[in-house]
Structures are given as C-alpha cells and as structure tokens.
Amino acid sequence: MHDPRRVQRERQAKKLSEASKSNFMYNSTLQQYNQVRNQAKLEMCRELDKMPIGRIQITKICRRSTNLTQDEIEEETFRRNISSFCLLFRIRNWEIQYIREPDVMLKYSIVLAWFVYICLLSIQLLSKDPKYHYWILDGVTISVLTAMLIISWYKKIWIMYFSDTEQLLPQYKLSRMLYKMSDFMQRSIGIRLTVYILVVVSCIVVTAMQVLDCGPKRDEELIQCFHPWILTNCVTLLIGTAFLFTRIPFVVKTTVAVLITVAYTVLVVYEFEHIFDGSPPTNVNLNAKYSHFLLIFITLGIFHLMERQTEFIAKVDYNWKRQLMQKQDDALITNDTIKVLLVNILPSHVADFYLSTQLQNELYYEEYDNVAVMFASIKNFDTDKIGLRVLNEIICDFDDVLNKYSTSLRVEKIKVANWTYMAACGLDVTRSEQVNAPQVKFRNVSLMPNGRRSQYRNLGSEQLQRVPYGSGNTLALDMERGQYEGNVISSTPRLSSTENDSERSNDEVVKVMANFALDLMRAMRRFNAENMQSEYEGSTDYGMLRIGISHGRAMAGVVGISKPHYDIWGNPVNMASRMDSTGIPGKIQVTENTALKLRNFNIQCNYRGKTFVKGRGNIPTYILGTDDEYKGFLPHQPAPAPAQENS
C-alpha cells in the first residue's frame, strides 16, 4: 500500500522541481537576451565610431594618432577632400558631378513648398484686406507653382498607375511631353535652380505684402498696420523653405537664408522699429524687439545645422558611391584579366564554366568520339646554345598560326613540353558525347572500348596493298578487319549519301589538323630562313619539325582545382606521341587509320613501312606527301590495278 503522505511529498517535490526548471529557463532566456542586447549595443557604438558623421571624440581632436585603422584612414582622406565651411569637394570635377546628379526628391520638395505658400497666402488673407492687384499676383503665382507641382509628379504617377516599366513612354503627344519635362526637371541642375528661385521669391512676395502699405513712425495711423509676430512667424517659414530643397548647393541655400534674415533685420531696426518695440514680449525682462531677433536667429541656426548635417551625409554617401563604382570598375578589370588568363590556359567553353561555377573538388571532363591529336617536336636545336628566347619566338609563331584556326573546327593548344608542341582538333563541347559537370551526374563511359593494347591480324585474302615510302607510288588501301591504335578498321556495308556526308563531316578534324601541321612546317621553315642562316652551317635538318598525328576516341578535362590544366587522354594521344617520336624530321607521320581518313580528302599518304612502336609492336605508318616548300599537300593518286595474266 502507498503512503498518502509520501505520495503528497513526491508531488510537491515534483512541482518544486518543475517550477525551479521554468524559473531557470526564464532566467537563462532573460540573461541571454540581455547579453545579446548589450552585444548589439556595443557593435552599434563601434560602427557609429567608424562613420565619418559619428560622435566627436575629444582624444582625436587633442592628439593625432599615428596608428590609424583602415576606416580612420578613409575618414581622414574624405575630410581632406571636402572644405570645412562650404562643404564643397576640393576636386572640382567631383563637385560638378555631384550637383548634376538627378534629384529624385524634387517632387516632394515642391509639394512642401506649395503647402508653405498656401499657408503664407492664408495668413495674408486673414491678417489684412488685400487689394485687387494682390489677388492677380497671388493667382498667377499659385498657378505657376501648381503647374510645377503637376509636372514634377507626372512621371511618378505615370509609372505607378499607367506603366509597367519605367522605360515605357506615354503614347499621346501631350502626355509624353509632360513625362519628358518631369524627367528633365529632376536631371537638370539649371531647371532645379530656377524652380528653387521661383518658389523662394513667391514666398517672399506673399510675405512682403503685409508691410507694403505701412508707413514710417510719424504716421500715427499706420503704427499697427500689421502684427509683428505674424511677420516673424512668416519669416521663419521662409527660412525653412530656403533649406527645403535637397539637390540645391548648400552655399546657395545658406546665402538665401542669410539674405532673408538680413532683410528682416533691416525692417525691424530701421523701418518698423516702433511696431516691434510695441509688440508683446515673450519675457517681461526682455525687450520685444530682441525676442523677434532671438526667434529668427535660432531658427536660422537650427536649419543651418540640420542642412549642414544633411549635406555632409549626402557628400559621404556620394563619396562611398564613387568608391563603390571604382571598386566595381576594378572588379570588372580583374574579372576581364582573369578571363583572359583562363582563356589562355583553358579552352573558352571550359573557362566560361570555371568563371560561372564555384568548383569544390568536382571532376569536369568531356568525352569525344573523334579527336585529332598532333605532337610537333623541334629537332636538332641545342638548348644551351639557342636558349629560351628562340624557343619563345618559335612558339609565338606557332600561336599566330593557331589563331587562324578558331572557326567551327577549332584547334586547341594543349601544352608545350620542352621543344614539343601539342595540339588537338575536335574539342568542341557541342560535338561531345557527354560532359560531366558538377551540376549533372553522368554515367562513366569507357574511353577505349577495344582495350589498351591491340593486335594486327592478317585475314587471308583481305589485305592492304602497301608500297614502301620513297618508291614514288601512293597508298593503296583495302578494307581489313583488324585493330590499330585502339580503333577498329572493318569492312562495312556501303553507306548512304546522308550517312556518308555525316561521317565525312566528322572526319574533318583530321583534315584540319593536317592543314595545321603543314602550316607549322611552313612557319618553321620561314623562321629558320630569317634567323638561322649561320647557326648550323653544313647541317641540313637543323630546327626542323617532326610531326605525328593520330585520331580517335578521347577524353578531355581538368583534374584538380589548384593550377588547373586542361589536358586530353586516350589512345590517339599515345599514338600521336609515338608517331612524333618515331617520325622523320621535316615530315608528318600518321597512323594507318588516320591515313585512310586523309585519303578521302585527296591528300597523298605514302606508306613508310612497319615501324616499331613501344607497347604496340611493329605497325604500319604513313608519311603525308608535301612539296618542298610546304605550300600544300600532294594529291592522292590511286594505285594502278594489278596486270591481268594472259590465258
């Protein structure tokens, strides 16, 4: 049996525990809130101290610190570029550009000025009985101000209620004219100054009407022709109107306000001193005239300080805007420089991909069904004797030739290793079988479906008729099943015209690469003729190119993220390197399958014979037929048919 007292004590203990937990959570939450609030207050104070308009620090005024932060250096630079009294940029061009910026707040300033004018006009009508010519002047003035108000707001109203975009202009002639006038009013500093002067003059005129009919002190009947405190309050509105507009130069607004104050002082001291002396004072111990002066000068000082602060903030904002624009220009220049460097390192489509994507150790590669690869080695140059300068000039000449092959079938420079120049044709992303990019996952496709090593097999009567190189005869090729360089040569049915054209278009990469190799030969010959006349006398093959070409399936891509290098892999790369290393200086050596493709483009391919290739054994190789000056390829000549035996 359970003890009731024990159960009750357990319940009380549980309640106390829950209460203590809730109090702890509340206290913890309150404590965290206080910490966050104090931290936020501290951060706000720090940011306020960094701003050029922040609190005045006595230590900075009394002593000049030598260890300044970056923010303090920028503040000092800004303060040196702006005058202390007039708040003008010391650089004249900056001030002109600042003034010419559009005033998007002009319409709001005109609304307030129109409201102030209505208030002054109401005071005038209530304080005295105006004459008929006053009504005419007031009617003309309010009509002009209302017209300026409508024009200034027309663009805003059109965009808000009638147009979907800011670029869409009204269709009607009058509406379009008002729209352009509204936009021009905001952008033109001359129009803004004209509007400002009209508004201020209108307010001054309606205020001055109160004292136009008053005479001097000797005319006792006209002593109280106006109420002095009404005139003083109207002048305070005039001073506020003088500082109302935003994109008017600070010096102009201050000058207008000071002139209004001076004119009021002249009226009080010289013209209507007896009226102001007789007005009720604000303090029994202070002369009434001084009460009016005190109100006007306090109003002028307050508006001046407020406008000075506003102008300073606007100048700081403009300075930050210029810094931002400068940094944006620097960023654009940096991006263009980076793009140029990447395009010089990587193909253009790969460079665009790297610029638009933040790679994080992802693999980027492309697979191609047919890529022509070329290795060109400069032979018989003594590196110690010739030096790096000559190599640079030769490679630059090769790059000039490369720039001519930037059409649809572009030749890409892969790399330069010692005296060997490597290039490939057909690395166009639109021709790729697949592209493995970080955004999309692709299946992995074997690069060499026929295996790494290949065997040459004779198949009885289906053999290739080959004539040794140098015998004057050309290549006679029959279709044979076999494997060379990882590609299959097989007897296939005759293709239709459409399929044949598609295959021929795909084989264009081999022709383009052969033409590029021939242009390199010609460029090398021209360089030797211009620069190497006496370097290697008695030698006939100094500085000659030895070129090897192959084609087939290949994979291209960039491995790693540090110092990215675009490279290609596959059997045609290996075979092109073998054709170069086993080739003849001054000649272009190709594999059998490549020779078969070039034959279709009427390029002569001479059978050299069996050549030992590392990793492949003895395989047939071919030399492209060219003239002595490398101006073009010799045309293909079919082999003569075998003679018929007499029966």
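Residues: numbered from 1 along the sequence shown.
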* Asked: Quick check: are there more than 12 heavy atoms from other residues, nucleotides or ligands sitting under 6.0 Å from CH2 of W114?
  -> no
* Short question: side chain of N335, backbone of A331 - any donor-acceptor pair under 3.5 Å? -> yes
* Steps toward side chain to side chain contact (heavy atoms under 4.5 Å, CB included) verdict (L121, Q124) -> CA-CA 5 Å; L121 182 61; Q124 174 199 352; 3.5 Å; yes
* Asked: Got a donor-acceptor contact below 3.5 angstrom from the S406 side chain to the N403 backbone?
  -> yes
* To do: Please confirm whether the backbone N or O of K315 pairs with a side-chain atom of N319, one donor and one acceptor, at under 3.5 Å?
  => no
* How many angstroms lie between atom CG of L259 and atom OG1 of T254, to the nearest 0.5 angstrom? -> 11.0 Å
* Asked: Any donor and acceptor pair, going by atom type alone, linking the side chain of S143 with main-chain N or O of G139 inside 3.5 Å?
  -> yes
* To do: List the atom of L125, the atom of W135, and the distance in Å for their closest heavy-atom pair.
  => CD2-CH2, 3.7 Å
* From CA spacing to verdict: side chain to side chain contact (heavy atoms under 4.5 Å, CB included), R247, Y98 -> CA-CA 9 Å; R247 283 292 177 178; Y98 171 77; 2.8 Å; yes
* Does the side chain of L106 reach to within under 4.5 Å of the side chain of M185, using non-hydrogen atoms? -> yes
* Structure fact -> Minimal heavy-atom distance between A556 and Y566, with the atoms involved, is CB-OH, 3.1 Å
* Asked: Between T265 and Y270, does a side chain to side chain donor-acceptor pair (under 3.5 Å) hold up when you go through it step by step?
  -> CA-CA 8 Å; T265 304; Y270 296 101; over 6 Å; no
* Heavy atoms from other residues, nucleotides or ligands near NZ of K339 exceed 12 (cutoff 6.0 Å) -> no
* To do: Take atom CZ of R90 as the centre, draw a 6.0 Å sphere, and report whether it contains more than 12 heavy atoms from other residues, nucleotides or ligands.
  => yes
* Gap separating the OG1 atom of T207 from the CG atom of L120, nearest 0.5 angstrom -> 4.5 Å
* Got a second to check how far K289's NZ is from L294's CG, nearest 0.5 Å? -> 14.0 Å
* To do: Could you pull out the closest heavy-atom pair between S152 and S182, with the gap in Å?
  => O-OG, 3.3 Å
* Structure fact -> Scanning both residues in full, the closest heavy-atom pair of Y179 with Y154 reads N-CD2, 3.6 Å
* List the atom of A257, the atom of F243, and the distance in Å for their closest heavy-atom pair. => CB-CE1, 3.4 Å
* Could you check if a side-chain atom of V144 sits within less than 4.5 angstrom of a side-chain atom of S202, using non-hydrogen atoms only? => no
* Asked: Pick one: which of K321, R187, R322 meets salt bridge (charged side-chain N to carboxylate O under 4.0 Å, His left out) with E101?
  -> K321
* Passing option when V200 is tested against I197, I204, L198 for side-chain contact (heavy atoms from CB on, under 4.5 Å) -> I204
* CD1/I239 to CG/L244 distance, rounded to the nearest 0.5 angstrom? -> 13.5 Å
* Whether K107 side chain and V104 backbone form a donor-acceptor pair below 3.5 Å -> yes
* Decide whether Y196 and S109 meet the rule of one side-chain donor and one side-chain acceptor closer than 3.5 Å. => no
* Would you confirm whether the ring centroid of F250 sits within less than 6.0 angstrom of the ring centroid of H304? => yes
* Going by the ring pair (Phe, Tyr, Trp, His ring centres under 6.0 Å) test, name the single residue among F245, F115, W153 that passes it with Y108. => W153
* **Reference residue M148; test side-chain contact (heavy atoms from CB on, under 4.5 Å); the match among L145, T146, I151, I150** => L145
* Test applied, side-chain contact (heavy atoms from CB on, under 4.5 Å); reference residue, V206; option that passes from I142, T141, D138, V116 -> D138
* Asked: What distance separates I302 CD1 from T236 OG1, expressed to the nearest 0.5 Å?
  -> 11.0 Å
* Run the numbers on Y264 and L238 for side chain to side chain contact (heavy atoms under 4.5 Å, CB included), then give the verdict. => CA-CA 11 Å; Y264 175 81; L238 285 178; over 6 Å; no
* Can a cation-pi geometry be assigned to R308 and F303, taking NZ or CZ under 6.0 Å from the six-membered ring centre and within 45° of the ring axis? -> no
* Asked: Going from CD1 on I99 to OH on Y318, what distance comes out if it is rounded to the nearest 0.5 angstrom?
  -> 10.0 Å
* **Intermediate values then yes/no, side chain to side chain contact (heavy atoms under 4.5 Å, CB included), I110 and V199** => CA-CA 8 Å; I110 295 179; V199 169; 5.6 Å; no
* Structure fact -> Nearest heavy-atom approach of Q186 to R192 is O-NH1, 2.8 Å
* **Pairwise side-chain contact, C234 with I123, heavy-atom cut-off 4.5 Å (strictly under)** => yes
